[in-house]
Structures are given as structure tokens and as C-alpha cells.
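Here is the structure we will look at, set down as C-alpha cells.
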Amino acid sequence: MTAGGTRLIELIGTAARQLQEAGVAFGHGTDNAFDEAAWLVLWRLGLPLDTPLDGPESAADQPVPADRCAQVAELLGERIHSRKPAAYLTHEAWLQGVPFYVDERCIVPRSLIAELLAHPEHGGGFDPWLGEHTTRVLDLCTGNGSLAVLAAMVYPDVTIDGADISPDALAVARINVTRHALQDRIRLIESDALASVGRYDLILCNPPYVNSDSMSALPAEFRAEPALALAGGPDGMDFVRRLLAQAPDHLETGGVLVLEIGNERPHFEAAFPALEAVWLDTSAGGDQVLLLTRDALLAWRRGHPESTASP
């Protein structure tokens, strides 16, 4: 204890131990107790999340008065007892350094497609399949609109649609489109899969893909999110089956679909053994995001005409 109060780094350390001892689950912007504690403490104190905690510019020894410590304790207690993701408490999530508003109406954004958009030079990007012909992009299952916003930032000459079946999620997306002043380039559409959208050169999709067994085993933090955005049926592929059957009709010649499926590659390959997919490298490995060309989808559909009968 310093004369002026608890040191900032001590407050974060205590919070991290409490989170660890409470057994909370991470995965909504952080993957460990210290980072989560730092996020909550800095946010509650009104300090930038990139406040240095070591080095010559460190704020680690900054004293925190008792009344502010009490405010941190209250927030920490809410995180532990509610088991809500921290982003639902702060109403902010960051994706590739870009801030987004978030609340319980949508899942917390964490798509690996975001890093492929932001860092195509890292070897896993999909830019080689794009070109001057790429003028229209769809972010399907847009949620809070984060991928649509990032795509608009990365590709300043394209127009983008963000589609979702959930009016609640679209309301959150609208907040983020406005926040980043992209109303003139991003249109938000309520659509059940591809039912209400047009044709595109690039479709991005982070769909509900969690299989039933995995859904039943999710920690409380993930169960706090809308199940509609997570649950993918017995093998996680219910929505994906519909999407792949419809996608060729919504892709222009030369168009591609970039699809995120988390840890469901075995189920994907079991469901679509004859589909030629290009697996893209990400920080989580090469098994979670894939690219499908319109030609590959058409070839697969010709060999599986029953797929067009999917509801």
C-alpha cells in the first residue's frame, strides 16, 4: 500500500487472482486472468486499455484511491457472479485494434476472419482470389457488424452488405456502422441465410457452427450469448448446409466464400467430403477458416443435387 492508495499493478494482480480462484472462463477478448483483470480495472478507472504496466512509461505504481478500488471490486464481483463476458459489462470489444460496441443482443466478436482481413500479408489471407472485379462484399451473420466494418476499412472501393436473421443483432450493427461513419458504404439487411440478399464477389461468413455436444458443455460465459448465433445442430453443420446449397446463386463469376467453422473441420469434411476447399492459415492454425470458390461450389452441387432441397 502506498500513501495514496493501492498501486495499480497490485489492484490488477488481486483481481486476476480472484478471477482465477472463481474459475471464470475466458475467450471473449482475453485468454487469461491477468489480461482480463487488466481490462476490467483499466476500464473501470477510465484509463486507456493500452496503459503501459512495465517499462519506462509504466503506470504500474500509480496509486488508486480507496473509493476507486471499491468501484473496481463491484465490477469484478459482477463479472464473477453473473458469469457474463467482460465485453457485456464494458459494452466494448476490440477486433484487430478497432473498437466496437457490444451488448447481450449479439455475440462478442472474435472472428479469425478479422485477422485475415487486417493482415493478408501473414500468409493466410484471401486477397489472391480478389481483384478489380471485387466490388460487392457480403458479411453474412454479421452480428454486431464488426467484419463488415473491417472489410470497409480494408477495401475502401467496395460496397458492403451486412446481413443477419436477428433484428436485435442488426440494431447493434447499426450502432457500429454509425460509430465508424460508414453509413454510406454499409447496408444492413435482415435475412434468413441468403434469402433476402443479392449477388457478391466476396461473401464472408462466421455462422452458427457449434455442434450439440459442444453446446451442452459450453461455460456459462458462452451460454450468456445468443444461442441463435452459436448452435449449429447435431454436427454443427445445419446452417452451413443451407449456405453452401444457396451460395453459388449469390456469387458472381470468380466469386468466393470465406467461411469460419471453429473446431468443426472433422464434421465439415464428413458432411462435404467431395467439396474442394482451401484452408487458410490463421493464428489458431489452418483448420478453422476455409475458402470456397463459386466453381467448386457449383461442382459440388452438381454432384449432390439433393443439397438444393435443403430447407
Side-chain angles (χ1 to χ4, degrees), residues 95-96 98 100 106 109 111-120 124-167 169-207 239-240 242-261 275-278 280 289-301 308:
L95 205 56
Q96 296 301 311
V98 179
F100 294 98
C106 62
S111 174
L112 292 167
I113 294 175
E115 71 179 54
L116 297 177
L117 281 168
H119 302 290
F126 42 81
D127 278 5
W129 285 268
L130 309 180
E132 292 183 358
H133 68 279
T134 306
T135 59
R136 299 199 67 218
V137 174
L138 170 67
D139 174 23
L140 183 62
C141 304
T142 193
N144 82 331
S146 53
L147 290 184
V149 168
L150 288 174
M153 292 177 172
V154 172
Y155 305 120
D157 297 324
V158 307
T159 58
I160 297 165
D161 288 346
D164 205 291
I165 193 174
S166 167
L170 289 170
V172 178
R174 195 163 291 110
I175 293 171
N176 286 310
V177 169
T178 301
R179 176 177 187 171
H180 293 286
L182 290 166
Q183 305 95 312
D184 293 340
R185 295 188 48 220
I186 298 177
R187 178 178 62 160
L188 298 174
I189 303 169
E190 185 176 339
S191 181
D192 183 0
L194 295 167
S196 302
V197 301
R199 293 173 65 90
Y200 303 90
D201 304 297
L202 170 64
I203 297 176
L204 308 172
C205 186
N206 182 19
F239 182 92
V240 175
R242 295 177 57 205
L243 171 62
L244 300 192
Q246 300 169 2
D249 301 324
H250 293 271
L251 285 169
E252 300 285 3
T253 300
V256 296
L257 165 66
V258 175
L259 179 66
E260 184 164 345
I261 57 164
L275 180 55
E276 182 181 348
V278 178
L280 303 176
V289 180
L290 61 139
L291 180 145
L292 300 164
T293 66
R294 180 174 184 267
D295 288 344
L297 286 164
L298 284 170
W300 168 76
R301 193 168 70 175
T308 59

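Numbers here are sequence positions counted from 1. Note that these values count all heavy atoms, side chains included, but never hydrogens, waters or copies made by symmetry.
Of the inter-residue distances, the one linking Leu202 atom CG with His133 atom NE2 reads 8.5 Å to the nearest 0.5 angstrom. With values rounded to the nearest 0.5 angstrom, His250 atom NE2 is found 7.5 Å from Ile203 atom CD1. Considering OG1 of Thr253 and CG of Asp201, their distance stands at 9.5 Å, rounded to 0.5 Å. Taking CG of Leu244 as the reference point, atom CG of Leu275 lies at 6.0 Å (rounded to 0.5 Å).
Contact check for Val278 versus Trp129: side-chain heavy atoms found under the 4.5 Å cut-off. Side-chain contact between Leu204 and Leu117 is present, with heavy atoms from C-beta onward closer than 4.5 Å.
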(request) Walk me through it: do Phe126 and Val256 pass the test side-chain contact (heavy atoms from CB on, under 4.5 Å)? (result) CA-CA 9 Å; Phe126 42 81; Val256 296; 5.8 Å; no
(message) Set out, in order, the CA-CA distance, both residues' side-chain angles and the distance that settles side-chain contact (heavy atoms from CB on, under 4.5 Å) for Leu280 and Leu112, then state yes or no.
(response) CA-CA 10 Å; Leu280 303 176; Leu112 292 167; over 6 Å; no
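Listed by chain and residue number, Cys141, Cys205, Tyr209, Phe239, Val240, Leu259 satisfy the side chain to side chain contact (heavy atoms under 4.5 Å, CB included) test with Pro207 (two or more places apart in sequence, or in another chain). Taking the side chain to side chain contact (heavy atoms under 4.5 Å, CB included) definition, one finds that Gln96 meets it with Ala114, Glu115, Ala118, His119, sequence neighbours left out. With sequence neighbours excluded, the residues forming a side chain to side chain contact (heavy atoms under 4.5 Å, CB included) with Arg179 are Glu92, Pro99, Tyr101, Asn176, listed by chain and number. By the ring-ring contact (aromatic ring centres under 6.0 Å, His included) test, His180 is found to be paired with Phe100, residues two or more places apart in sequence or in another chain being considered.
Counting all heavy atoms, side chain and backbone alike, Ala163 lies closest to Val197 at CB-CG1, 4.0 Å. For the pair Ala173 and Gly143, the tightest heavy-atom approach, listed with the atom from each and the gap, is CB-O, 3.5 Å. Smallest separation of non-hydrogen atoms from Thr178 and Gln183: CG2-NE2, 3.6 Å. The heavy-atom pair separating Pro248 from Leu298 by the smallest distance is CB-CD2, 3.5 Å. Pairing each heavy atom of Ser111 with each of Leu95, the nearest pair is N-CD1, 4.2 Å.
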Using a 3.5 Å cut-off and no angle test, enumerate the donor-acceptor pairs between side-chain atoms of residues 147-159 and protein atoms at least two apart in sequence or in another chain.
{"from": "Tyr155", "atom 1": "OH", "to": "Asp127", "atom 2": "OD1", "distance (Å)": "2.7"}
{"from": "Thr159", "atom 1": "OG1", "to": "Thr135", "atom 2": "O", "distance (Å)": "3.4"}

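Each salt bridge (charged side-chain N to carboxylate O under 4.0 Å, His left out) pair with one or both residues in residues 243-261, not counting sequence neighbours, appears once here: Arg199-Glu252, Asp249-Arg301. Here ring-ring contact (aromatic ring centres under 6.0 Å, His included) pairs that include residues 181-201, with residues two or more places apart or in two chains, number zero. Listed by first and then second residue, the side chain to side chain donor-acceptor pair (under 3.5 Å) pairs involving residues 136-148 are Arg136-Asp161, Asp139-Thr142, Asn144-Ser146 (not counting sequence neighbours). Residue pairs meeting the side chain to side chain donor-acceptor pair (under 3.5 Å) criterion with at least one member in residues 189-198, sequence neighbours excluded: Asp192-Arg242.
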